Amino acid sequence: MRGPCVTMDAAEFRRRGKEMVDYVADYLENIEQRPVYPDVEPGYLRSLIPTEAPLEPEKYDDILADVERIIMPGVTHWHSPYFYAYFPSASSYPAILADMLCTGIGCIGFSWAASPACTELETVMLDWLGKMLNLPETFIAGTHGHGGGVIQSTASEATLMSMLAARCKAVRYVQASNPEKSQGEILSKLVAYTSEQAHSSVERASLIAGVIMKKVPTDNSYAVEGSMLKKILEQDKAAGLIPFYFCATLGTTPSCAFDHITELGPICKEESMWMHIDAAYAGSAFICPEFRPLLNGIEFADSFNFNPHKWLLINFDCSTMWVKEREAIIGAFKMEPLYLKHENQESGIITDYRHWQIPLGRRFRSLKMWFVFRMYGLQGLQDHIRKQVGLAKEFESLVRADNRFEICAKVIMGLVCFRLKGSNGLNELLLKKITKSREIHLVPCHLSGRFVLRFAICARSTETRHIQQAWRHITQLSFELLQESQE
Ligand code: PLP
């Protein structure tokens with residue numbers, strides 16, 4: 001007879017936990033020795049592991065050995081100082097430890113009763129962060145506010161939630177003066193708008209919400225101006241459509257451009273449209289007074305979102321979203337089965353974050369915010385942002401000093417868009433060479449029909465020497481490429 005299976009008791013967990021902390025610290029300290037981009041082909045992993053889960057327990061040491069043998073060869077090292085792709089994924093030791101605590105507590109905080117600390121710390125952390133950004137008072141929950149913040153998993157979810165709330169509000173609004181109109185009839189006429197430079201998640205939200213989406217053209221700095229939105233709105237209203245939602249972007253994904261929200265906000269107000277602001281990457285920088293003017297116009301927004309898990313040293317996932325009127329989001333999706341009700345739900349504070357999101361379950365993510373805010377302080381966080389913007393400016397200067405290259409968009413934060421002067425094909429080849437070398441990692445974008453390389457400062461450990469090394473590498477590969485193209 002087999003005895004009770006004790007896979008790992010508390011004593012062993014203590015020992016293995018300390019080992020794991022060492023493993024992670026070693027990994028992060030020595031990460032630049034690893035090629036930033038993996039050298040594996042699709043399907044590489046299946047051939048390295050059994051086709052079925054084991055019947056008998058295996059040894060922990062064997063599993064750990066397989067991490068280096070099977071997993072690490074297929075990892076793209078996002079925290080390598082040679083990783084310059086996409087936008088950053090934040091990481092810091094206090095956030096990693098807080099995440100460990102979150103997993104240890106293991107509560108599912110969908111309501112106040114399901115874990116009061118989980119709900120209450122989240123509201124207070126969103127207030128703390130809202131104040132760091134100097135958000136208008138209407139977004140702060142406090143003890144009597146009508147607004148407040150929530151942690152969503154991703155910016156995509158925040159956009160979708162705002163669009164669904166706006167859709168619900170628009171249907172009710174139209175029906176109030178046209179009670180004969182069916183919901184289906186109204187929905188078929190609702191139009192959401194965003195920039196042609198907006199992240200694909202905005203268009204995706206419209207597909208999920210089942211509403212028409214129109215893209216607004218941008219000016220020569222890749223930003224939407226008020227006049228551009230106004231023109232499309234006039235045409236659409238004349239055609240009998242109902243504009244209901246605009247998603248502005250502060251810090252677009254291709255080039256980190258900023259829509260003119262001081263012009264767009266009043267138009268949205270006039271047209272009774274919901275304005276959501278997606279500042280997924282750039283939002284973190286608004287804690288610095290020198291970047292805060294880019295958020296002017298926020299007072300017109302109904303909802304605002306950015307990802308501290310991108311640039312504020314809080315590990316994924318932590319996407320913070322604020323609304324002015326929380327009833328607009330809570331009231332849109334309320335379900336009250338008996339097993340989720342509790343006696344404190346009408347206490348006046350935010351008690352049930354389950355109404356603010358798509359899933360029911362939610363982790364204790366505000367612990368990460370609390371640990372990071374307390375260990376870095378506002379000044380430490382500002383230093384981090386400023387250092388990374390400084391590194392981007394250093395890279396920009398290197399590019400500008402070499403007349404074979406051009407800068408393709410204004411460098412405002414930690415992203416540099418650049419290319420070799422020449423054809424798209426030439427730049428595509430350069431990126432292929434860079435990716436194949438596995439020494440640095442970048443992704444491209446299209447700007448005004450041109451193939452452009454994006455260089456985003458990502459890892460917390462990136463220093464001037466890494467930027468210089470990356471530039472030497474790019475110029476070396478460009479030199480080889482230009483030689484080859486002349487042969
Ligand atoms: N919005 C913008 C402007 C982004 O840059 C990104 C991703 O980089 C997203 C949305 C999507 O972010 P998430 O992965 O949090 O949904």
Side-chain angles (χ1 to χ4, degrees), residues 5 7-10 13 16-17 20 24 53 89-92 94-130 141 147-162 164-165 205 208 303 305-310 312 314-323 326-374:
C5 174
T7 307
M8 189 182 276
D9 60 14
F13 173 67
R16 295 303 193 177
M20 183 57 88
V24 172
S89 172
S91 181
S92 68
I96 294 173
L97 290 177
D99 230 357
M100 202 167 147
L101 177 61
C102 161
T103 304
I105 294 174
C107 66
I108 309 292
F110 46 74
S111 70
W112 186 88
S115 209
C118 179
T119 301
E120 293 200 17
L121 187 65
E122 186 160 331
T123 309
V124 178
M125 284 307 100
L126 270 287
D127 279 2
W128 276 20
L129 184 54
V150 61
I151 304 176
Q152 304 282 3
S153 296
T154 62
S156 309
E157 284 172 56
T159 303
L160 175 62
M161 286 305 293
S162 66
L164 292 174
I208 299 170
S303 51
N305 165 250
F306 81 97
N307 288 351
H309 71 232
K310 275 189 162 60
L312 214 55
I314 300 169
N315 291 60
F316 189 86
D317 55 338
C318 182
S319 182
T320 44
M321 176 189 194
W322 290 262
V323 289
R326 60 183 185 246
E327 204 38 51
I329 208 158
I330 296 172
F333 314 108
K334 215 168 203 168
M335 299 292 289
E336 295 283 20
L338 187 58
Y339 46 82
L340 295 179
K341 281 190 174 173
H342 57 96
E343 58 190 12
N344 292 300
Q345 55 191 55
E346 304 304 334
S347 64
I349 63 165
I350 296 172
T351 56
D352 288 62
Y353 275 121
R354 67 193 167 96
H355 299 308
W356 298 56
Q357 59 176 27
I358 293 163
L360 173 67
R362 57 202 328 277
R363 290 170 7 104
F364 200 160
R365 292 172 290 199
S366 54
L367 283 171
K368 290 187 283 201
M369 300 176 74
W370 195 45
F371 275 44
V372 169
F373 294 165
R374 294 182 67 182

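Owing to the predicted nature of the structure, the values given are computational and were not obtained by experimental measurement.
- Here Lys334 does not pair with Asp352 in a salt bridge; the nearest charged N to carboxylate O distance is not below 4.0 Å.
- With rounding to the nearest 0.5 Å, the separation of CG in Leu129 from CZ in Phe373 is 4.5 Å.
- We find the NZ-CG distance between Lys368 and Leu97 to be 12.5 Å, quoted to the nearest 0.5 Å.
- No more than 12 heavy-atom neighbours from other residues, nucleotides or ligands sit within 6.0 angstrom of CD on Glu343.
- Atom CE of Met20 sits about 10.0 Å away from atom CZ of Phe13, to the nearest 0.5 Å.
- The two residues Ala90 and Leu312 have their closest heavy-atom pair at CB-N, 4.1 Å.
- Taking every heavy atom of both residues into account, Ser303 and Val323 meet most closely at CB-CG1, 3.8 Å.
- How far CG of Leu360 is from CD1 of Ile358: 13.0 Å, rounded to the nearest 0.5 Å.
- Taking a cutoff of 4.0 Å between a charged side-chain nitrogen and a carboxylate oxygen, Glu346 and Lys341 do not qualify as a salt bridge.
- Between the side chains of Ser153 and Arg362, no donor-acceptor pair of N or O atoms lies under 3.5 Å.
- Note that NE2 of His355 and CZ of Arg326 are 12.0 Å apart. Values are rounded to the nearest 0.5 Å.
- Taking CD1 from Ile208 and OG1 from Thr159, the interatomic distance works out to 10.5 Å, rounded to the nearest 0.5 Å.
- Using a 4.5 Å heavy-atom threshold, the side chains of Leu126 and Ile151 count as touching.
- Summarising the geometry of Ile314 relative to Ala95, their closest heavy-atom pair is CA-CB, 4.0 Å, with the distance given to 0.1 Å.
- Counting all heavy atoms, side chain and backbone alike, His309 lies closest to Cys318 at ND1-N, 2.9 Å.
- When every heavy atom of Cys118 is checked against every heavy atom of Ser366, the shortest pair comes out as O-OG, 4.0 Å.
- A pairwise comparison of heavy atoms in Ile350 and Ala141 identifies CD1-CB, 4.1 Å as the closest pair.
- Side-chain polar atoms of Glu120 and Trp112 form a donor-acceptor pair below 3.5 angstrom.
- Proximity of a side-chain donor or acceptor of Thr320 to a complementary backbone N or O of Phe306 within less than 3.5 Å is detected.
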Go through the steps to decide whether Met321 and Ile329 satisfy the test side chain to side chain contact (heavy atoms under 4.5 Å, CB included), and finish with yes or no. CA-CA 11 Å; Met321 176 189 194; Ile329 208 158; 3.9 Å; yes
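- Within the 4.5 Å cutoff, the side chain of Leu367 has heavy atoms near those of the Ile105 side chain.
- No side-chain heavy atom of Leu101 sits under 4.5 Å from any side-chain heavy atom of Phe364.
- A donor-acceptor pair under 3.5 Å is absent between the side-chain atoms of Glu122 and the main chain of Thr119, judged by distance alone.
- Judged purely by atom type and a 3.5 angstrom limit, Arg363 has no side-chain atom pairing as donor or acceptor with the backbone of Asp317.
- With sequence neighbours excluded, no residue forms a side chain to side chain donor-acceptor pair (under 3.5 Å) with Ser156.
- For Ser319, the side chain to side chain donor-acceptor pair (under 3.5 Å) partners two or more places apart in sequence, or in a different chain, are Asn305, Asn307.
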